There are 2 protein chains.
Amino acid sequence: MNKAEILIIDDEPQIRKLLEITLESNDYKVWQAATGKEGIIMAANHPPELILLDIGLPDKSGHDVLKELRTWYAKSIIMLSVQNSEADIVKALDNGATDYLSKPFRSAELLARIRSAIRRNQSQSIETKMVCGDLEIDIPARTVKKGGELLKLTSTEFNLLALLSINEGRVLTHQYILKQIWGMGAQSETQYLRVFIRTLRKKIETNSDKPEHIHTESGVGYRFV
Amino acid sequence: MNKAEILIIDDEPQIRKLLEITLESNDYKVWQAATGKEGIIMAANHPPELILLDIGLPDKSGHDVLKELRTWYAKSIIMLSVQNSEADIVKALDNGATDYLSKPFRSAELLARIRSAIRRNQSQSIETKMVCGDLEIDIPARTVKKGGELLKLTSTEFNLLALLSINEGRVLTHQYILKQIWGMGAQSETQYLRVFIRTLRKKIETNSDKPEHIHTESGVGYRFV
DNA sequence: TCTGAAATAATAAAGAAATAATAAAGAATC
DNA sequence: GATTCTTTATTATTTCTTTATTATTTCAGA
């Protein structure tokens with residue numbers, strides 16, 4: 001089996017060294033970047049299985065790097081920060097971080113979180129066929145069945161449903177959904193999204209006035225259940 | 001197992017004596033300093049697991065000692081204050097104190113606070129998914145479950161609960177919470193906070209008249225337990 | 001340690017603002 | 001030409017903010 005590749009983006013050499021030793025001795029392949037810019041380039045050239053990203057970078061804040069990465073990088077990103085910056089956590093997680101770890105950290109905990117994050121990457125690609133109540137979604141075949149009967153969805157509708165269902169249970173922000181489905185330019189076109197959510201609900205919900213699958217989180221986004 | 005070491009910085013000999021007796025009989029190793037200056041030197045030479053710091057010191061104010069310690073000392077600092085000094089307490093918490101106790105204090109409460117503070121030293125990383133009694137808070141997914149059932153919180157309610165729960169056991173001052181959730185401009189809008197605490201309690205507490213999770217610290221702030 | 005005034009907190013409720021749902025018509029695409 | 005997408009306008013809903021009232025806590029003085 002191939003070693004899973006992990007990219008470390010952190011400006012402190014001793015932290016990078018510590019992470020490198022810990023990770024390589026646990027059979028990961030490690031890549032390193034000292035600045036946000038460098039990290040983004042490395043991730044683009046050679047997308048790793050997981051990124052460890054420090055919040056306090058010299059060139060640009062880790063939050064900005066996170067946002068930039070999240071425009072195209074879908075796998076796990078674990079944020080690292082110094083102690084006592086709880087306010088950063090909610091922000092980072094809102095911007096799409098997978099998890100969060102405060103420095104200094106115990107290596108057992110680091111490894112546990114990395115395993116969990118990588119497992120999540122994989123489950124994303126494995127569970128391509130899912131059953132949610134009366135709904136059956138088959139992503140490779142691009143089909144959706146409700147109560148055994150095939151539904152007719154447009155391409156965009158299907159992409160939207162697939163995105164939501166892969167992230168079952170978690171809230172996806174409007175921004176994130178728009179970026180994923182319509183690309184960078186559409187991030188503020190919330191109205192698009194509403195219209196498509198409407199047509200989707202009409203098709204997949206038994207009663208579209210009382211949606212069971214697609215829940216609205218006012219001010220934030222939508223959640224598939 | 002080693003005894004945890006606690007440094008007391010207080011000018012009143014009878015208080016030091018009382019603390020010494022209480023703590024040593026509970027299996028802590030106690031160090032003592034009568035002035036701020038002395039305390040800083042002792043802490044530097046031999047960093048303890050926890051510092052108990054009196055706000056009213058003769059040579060320099062406890063606030064200054066706190067600030068100086070916080071430039072390098074990351075572990076817990078519990079402030080001791082006389083009664084009727086909310087302003088001091090708020091100031092101390094905003095300067096990075098872990099907790100506070102008003103003199104005279106009951107020894108059971110002292111010991112409970114010390115245990116909680118020392119526990120926090122040890123688990124330095126912040127959990128993004130936490131279980132508190134019947135509550136389950138998952139920050140990345142933005143979900144809260146009570147007794148296994150999903151609760152419906154608004155965006156602001158969730159942010160508030162996330163902030164409180166990340167700082168479990170600590171008192172967060174009104175000012176701090178307002179700044180974190182509503183931004184700089186809202187620091188004096190204490191009434192906002194009360195209204196949101198109210199709606200949160202209604203949703204997460206079994207009996208909102210007797211809140212188990214969100215405790216009020218009158219004149220100071222709130223504490224999540 | 002009790003008591004009452006003052007400060008602080010909790011609560012309810014209504015009005016304002018922000019956000020979301022919906023319908024429907026015009027553009028673009030296949 | 002039918003389907004799908006985008007835009008606009010309107011209505012509905014949710015959330016936030018403010019105000020007023022009541023309850024609780026704190027603390028000084030007896």
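Residue numbers start from 1 in every chain, and the chains themselves are labelled A, B, ... in the order their sequence lines are given, proteins ahead of strands. What you are looking at is a predicted structure, and each value in this text was computed from that prediction instead of being measured.
- Between B:F196 atom CZ and C:dA9 atom C1' there is a gap of 17 Å when expressed in whole angstrom units.
- Taking the six-membered ring where tryptophan is involved, the planes of A:H174 and A:Y222 are perpendicular, since the angle between them exceeds 60° and thus also 30°.
- Of the candidates D:dT3, D:dT18, C:dA21, the closest approach to any side-chain atom of A:K152 belongs to D:dT3.
- Applying the 4.0 Å criterion to OP1 and OP2 of C:dA9, one finds that B:Y192 has every side-chain N and O outside that range.
- Considering every non-hydrogen atom in both B:I89 and B:S102, the closest pair reads CD1-OG, 4.2 Å.
- Nucleotide D:dT14 holds its C1' atom 12 Å from the CD atom of A:E217, rounded to whole Å.
- Using a 4.0 Å cut-off, some side-chain N or O of B:R194 falls inside it from OP1 or OP2 of C:dA9.
- The pair B:R142-A:E217 does not meet the salt-bridge criterion, since no charged nitrogen lies less than 4.0 angstrom from a carboxylate oxygen.
- With rounding to whole Å, B:L193 atom CG is found 13 Å from C:dT11 atom P.
- Computed from coordinates, the B:L200 CG to C:dA9 C1' distance equals 16 Å when rounded to whole Å.
- Comparing C:dA9, C:dT11, D:dC5 by their closest approach to the side chain of A:T156 singles out D:dC5.
- Residue-to-nucleotide contacts include a donor-acceptor pair under 3.5 Å from the side chain of A:Q191 to the base of C:dT22.
- Of the side-chain N and O atoms in B:T154, one or more sit less than 4.0 angstrom from OP1 or OP2 of D:dC16.
- Dashed line: the shortest gap from a side-chain N or O of A:T216 to OP1 or OP2 of D:dT14 is not under 4.0 Å.
- The backbone N or O of A:P48 lies less than 3.5 Å from no partner atom in the side chain of A:K75, so there is not a single donor-acceptor pair.
- Residue A:W182 places at least one side-chain N or O closer than 4.0 Å to OP1 or OP2 of D:dT6.
- Taking atom CD of A:E157 as the reference point, atom C1' of D:dT4 lies 8 Å away to the nearest angstrom.
- Among the duplex regions that DNA chain D forms, those built from at least three successive Watson-Crick or G-U pairs under 3.5 Å are C:1-30 with D:1-30, ordered by first number.
- For the 3.5 Å distance criterion, the side chains of B:T22 and B:Y28 fail to qualify, holding no donor opposite an acceptor.
- Contact annotation: B:H174 side-chain N/O to C:dT8 OP1/OP2 distance is not under 4.0 Å.
- For B:K210 and C:dA9, the NZ to P distance is 21 Å, given to the nearest whole Å.
- Residue B:I197 contributes atom CD1, which lies 14 Å from atom P of D:dC16 at whole-angstrom precision.
- Nearest nucleotide to the side chain of B:E189, out of D:dT18, C:dA20, C:dA21: D:dT18.
- The nearest whole Å value for the distance from the CD1 atom in B:I181 to the P atom in D:dT15 is 16 Å.
- Residue B:R201 places at least one side-chain N or O under 4.0 Å from the OP1 or OP2 atom of C:dA10.
- B:K17 has a carboxylate O that lies under 4.0 Å from a charged side-chain N of B:E20, or vice versa, which qualifies the two as a salt bridge.
- Judged by distance alone, the side chain of B:R70 and the main-chain N or O of B:Y73 form a donor-acceptor pair under 3.5 Å.
- Checked options B:R223, B:R115, B:R119; the residue passing with B:D99 is B:R223 (criterion: salt bridge (Lys or Arg N to Asp or Glu O under 4.0 Å)).
- Of the side-chain N and O atoms in B:S218, none sit less than 4.0 angstrom from OP1 or OP2 of C:dA7.
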